[in-house]
Protein chains: 2
Amino acid sequence: MTTTEIAAARRREVIPEATVARLPLYLRALHTLADEGTSTISSEALAEAAGVNSAKLRKDLSHLGSYGTRGVGYDVAHLITSISHELGLSRRCSVVLVGVGNLGRALAGYGGFASRGLAIDALLDADPALTGEQIAGLTVRHIDDLPEVVVPGSIGVIATPASAAQLVCDLLVGAGVTSILNFAPTVLSVPADVDLRKVDLSIELQILSFHEHRKSLVTPA
Amino acid sequence: MTTTEIAAARRREVIPEATVARLPLYLRALHTLADEGTSTISSEALAEAAGVNSAKLRKDLSHLGSYGTRGVGYDVAHLITSISHELGLSRRCSVVLVGVGNLGRALAGYGGFASRGLAIDALLDADPALTGEQIAGLTVRHIDDLPEVVVPGSIGVIATPASAAQLVCDLLVGAGVTSILNFAPTVLSVPADVDLRKVDLSIELQILSFHEHRKSLVTPA
DNA sequence: ACGCGCTTGTGAACGCGCGCACAAAGTCAG
DNA sequence: CTGACTTTGTGCGCGCGTTCACAAGCGCGT
């Protein structure tokens with residue numbers, strides 16, 4: 001078996017969803033470490049930097065076949081390359097953002113995207129008054145231009161009010177987008193072959209509220 | 001009244017974390033249903049509206065002792081009251097938001113908060129140029145005023161750049177905040193008695209990128 | 001009053017993910 | 001070259017969460 005075949009086999013290996021969800025975490029910590037000039041790091045130290053258990057970290061990394069050196073640790077640069085590649089961030093990935101309100105602007109300017117190969121390629125909004133405006137180096141286009149900016153493999157991001165989300169979602173699906181990230185507080189329905197993920201900004205806050213409420217019950221004022 | 005609440009809380013079993021994370025989801029769906037005039041709903045229909053499995057929904061609801069009626073379903077209004085109370089949203093809950101950039105503004109204007117009893121009480125920023133500005137009905141105050149706006153039970157929200165997050169976090173902890181929600185892409189360290197949760201806007205996008213990348217490997221162009 | 005059909009609540013089985021603890025493997029000093 | 005030390009990679013047991021499937025309960029029509 002050639003090296004290429006081995007690499008291909010590894011790529012086909014199933015990576016647990018829980019591990020995939022942590023890879024971005026590791027990647028962020030690694031970028032920070034690289035900026036500080038660290039070239040090698042132990043699982044213990046990286047786990048500390050990423051805020052996870054070291055055994056879990058090692059098991060996660062073992063899934064992507066990027067081997068560390070026993071007695072030494074992991075090569076930071078190699079690990080960054082490895083994880084970036086696994087996440088599909090090495091080749092430029094087209095991201096189309098719909099909805100240029102405060103949240104859309106925040107996302108467009110979010111440093112975390114560009115620095116990790118996930119630069120946003122297009123900004124769209126239904127409001128004609130916004131068309132032509134420059135935001136984070138991009139020109140806002142009208143939502144009707146959506147089919148023109150979508151390419152195969154594009155990821156759609158919905159940052160519109162909840163009332164417009166399903167409409168925009170349908171437009172994205174119609175244009176051939178099969179991966180959609182929804183920030184609007186609504187449940188969207190999509191065909192089975194479309195990958196839909198959601199982020200609700202208020203959910204975590206409500207969870208905190210729950211725990212805070214619990215504290216006040218256990219130790220009443 | 002407080003005595004009754006404590007007794008009720010003690011009588012109830014511990015609510016699994018996974019269930020707590022879904023309660024906000026149900027609450028949102030229920031609000032939508034209530035607005036549409038629905039007064040009663042079956043677990044099947046509510047599960048559909050919230051995007052989860054119906055058996056899971058029933059088990060979740062059983063944890064908070066709010067009983068539905070067999071053969072009929074759940075009373076929407078009663079369920080809203082029940083979940084809101086469990087999440088601690090019935091009594092007003094103080095939220096202090098630090099960092100009034102695009103993300104901070106998006107959060108301040110986020111409808112999902114106010115409508116569910118989680119109105120933001122104070123906006124703070126380190127930039128003196130922003131002090132006094134009106135956003136979403138609130139006046140931005142300087143970060144030095146933090147101790148004055150924090151009350152026991154306050155929840156702190158960090159929407160600053162990553163570089164300032166730990167500093168702001170320490171200020172919040174110093175002011176007595178024990179529940180913190182971090183939107184900055186950094187790992188924060190807090191004392192053990194502080195409840196820290198984080199939201200990274202780019203993580204879900206990277207997970208989508210992973211799956212999109214996988215698709216292209218399975219069915220190459 | 002009474003059974004029929006609908007819906008809830010839950011017991012039990014399954015599967016996944018986490019973390020401990022240790023063997024394998026590599027480095028480095030002398 | 002050898003031996004001691006360091007760190008990785010992983011087998012294993014445990015606990016949580018999800019799902020199926022069904023009995024118990026309630027309303028409604030007759």
Side-chain angles (χ1 to χ4, degrees), chain A residues 6-7 9-10 13-26 29-30 33 38-80 82-83 86 203 207 210-211, chain B residues 11-26 29-30 33 38-80 82-83 86 203 207 210-211:
Chain A
I6 294 172
R10 292 241 171 78
E13 184 189 330
V14 191
I15 297 185
E17 199 60 29
T19 294
V20 175
R22 280 188 296 268
L23 289 182
L25 227 65
Y26 304 152
L30 286 164
L33 287 163
T38 311
S39 64
T40 293
I41 191 162
S42 72
S43 65
E44 197 78 37
L46 180 53
E48 162 92 28
V52 302
N53 181 287
S54 70
K56 183 155 54 178
L57 172 77
R58 288 198 296 275
K59 195 162 286 187
D60 284 343
L61 294 185
S62 76
H63 284 299
L64 36 95
S66 122
Y67 296 128
T69 311
R70 301 184 188 218
V72 177
Y74 297 89
D75 181 72
V76 173
H78 181 256
L79 218 43
I80 289 178
S82 201
I83 296 179
E86 194 59 45
I203 282 185
I207 295 174
F210 168 82
H211 289 299
Chain B
R11 205 182 313 125
R12 279 181 217 135
E13 54 188 302
V14 199
I15 298 186
E17 199 59 28
T19 295
V20 175
R22 279 188 296 266
L23 289 182
L25 227 64
Y26 304 151
L30 286 164
L33 288 163
T38 312
S39 65
T40 293
I41 191 162
S42 72
S43 66
E44 197 79 35
L46 181 53
E48 162 93 27
V52 301
N53 182 287
S54 70
K56 183 153 57 176
L57 172 75
R58 288 198 296 276
K59 193 159 283 190
D60 284 343
L61 293 184
S62 76
H63 284 300
L64 36 96
S66 122
Y67 297 127
T69 311
R70 303 184 189 219
V72 177
Y74 297 90
D75 181 72
V76 174
H78 181 256
L79 218 43
I80 288 178
S82 201
I83 296 179
E86 194 59 46
I203 282 185
I207 295 174
F210 168 82
H211 289 298

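Lettering follows sequence order; numbering is per chain, from 1. All heavy atoms count here, side chains included; hydrogens, waters and symmetry mates do not.
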| note | Atom CG of A/Asp75 and atom C1' of D/dT8 are separated, to the nearest Å, by 15 Å
| query | Are OP1 or OP2 of C/dC20 and a side-chain N or O of A/Asn53 less than 4.0 angstrom apart? | reply | yes
| Nearest to side-chain heavy atoms of A/Ser62, which nucleotide of D/dT10, D/dT18, C/dG17 | D/dT10
| task | Return the value, rounded to whole Å, for the distance between atom CD of A/Glu44 and atom P of C/dC20. | result | 10 Å
| message | As an exercise, state the distance from OG of A/Ser42 to CZ of A/Arg58, rounded to the nearest 0.5 Å. | response | 9.0 Å
| message | Measure CD1/A/Ile15 against P/C/dG17 and give the value in whole Å, please. | response | 12 Å
| query | Taking atom types as they are modelled, is there a donor-acceptor pair under 3.5 Å from the base of C/dG19 to the side chain of A/Lys59? | reply | yes
| Which residue lies more 5' along DNA chain C, comparing A/Arg58 with B/Arg58 via nearest heavy atoms | B/Arg58
| request: Indicate yes or no for a side-chain donor-acceptor contact from A/Ser62 to the backbone of A/Lys59 under 3.5 Å, with no hydrogens or angles considered. | output: yes
| Hey, does A/Leu64 have a side-chain heavy atom less than 4.5 Å from the side chain of A/Leu23? | yes
| Does any donor-acceptor pair link the side chain of B/Arg70 with the base of C/dT8 at a separation under 3.5 Å? | yes
| request: Report yes if a side-chain nitrogen or oxygen of A/Tyr74 is closer than 4.0 Å to either non-bridging phosphate oxygen (OP1 or OP2) of D/dG9; otherwise report no. | output: yes
| request: Starting from C1' on D/dT10, measure out to CG on A/Leu57 and report it in whole angstrom. | output: 14 Å
| Starting at CD of B/Glu17 and ending at P of D/dT18, how long is that distance when rounded to a whole Å? | 12 Å
| field | side chain to side chain contact (heavy atoms under 4.5 Å, CB included) assessment of A/Tyr26 paired with A/Asp60 | value | CA-CA 10 Å; A/Tyr26 304 152; A/Asp60 284 343; 2.5 Å; yes
| task | Would you indicate whether the side-chain heavy atoms of B/Arg22 and B/Leu57 approach each other to under 4.5 Å? | result | no
| Looking at B/Arg22, does any N or O in its side chain come under 4.0 Å of the phosphate oxygens OP1/OP2 on D/dT18? | yes
| task | Take atom CG of A/Asp60 and atom C1' of C/dC16, then tell me their distance rounded to the nearest Å. | result | 13 Å
| task | Assign each of A/Gly71 and A/Ala55 to its nearest nucleotide of DNA chain C by heavy atoms, then name whichever residue's nucleotide is nearer the 5' end. | result | A/Ala55
| Can you find a side chain N or O atom of A/Ser43 that sits less than 4.0 Å from OP1 or OP2 on D/dT8? | yes
| query | What is the distance from NZ of B/Lys56 to C1' of D/dC16, rounded to the nearest Å? | reply | 13 Å
| request: Return the value, rounded to whole Å, for the distance between atom OH of B/Tyr67 and atom P of D/dG25. | output: 13 Å
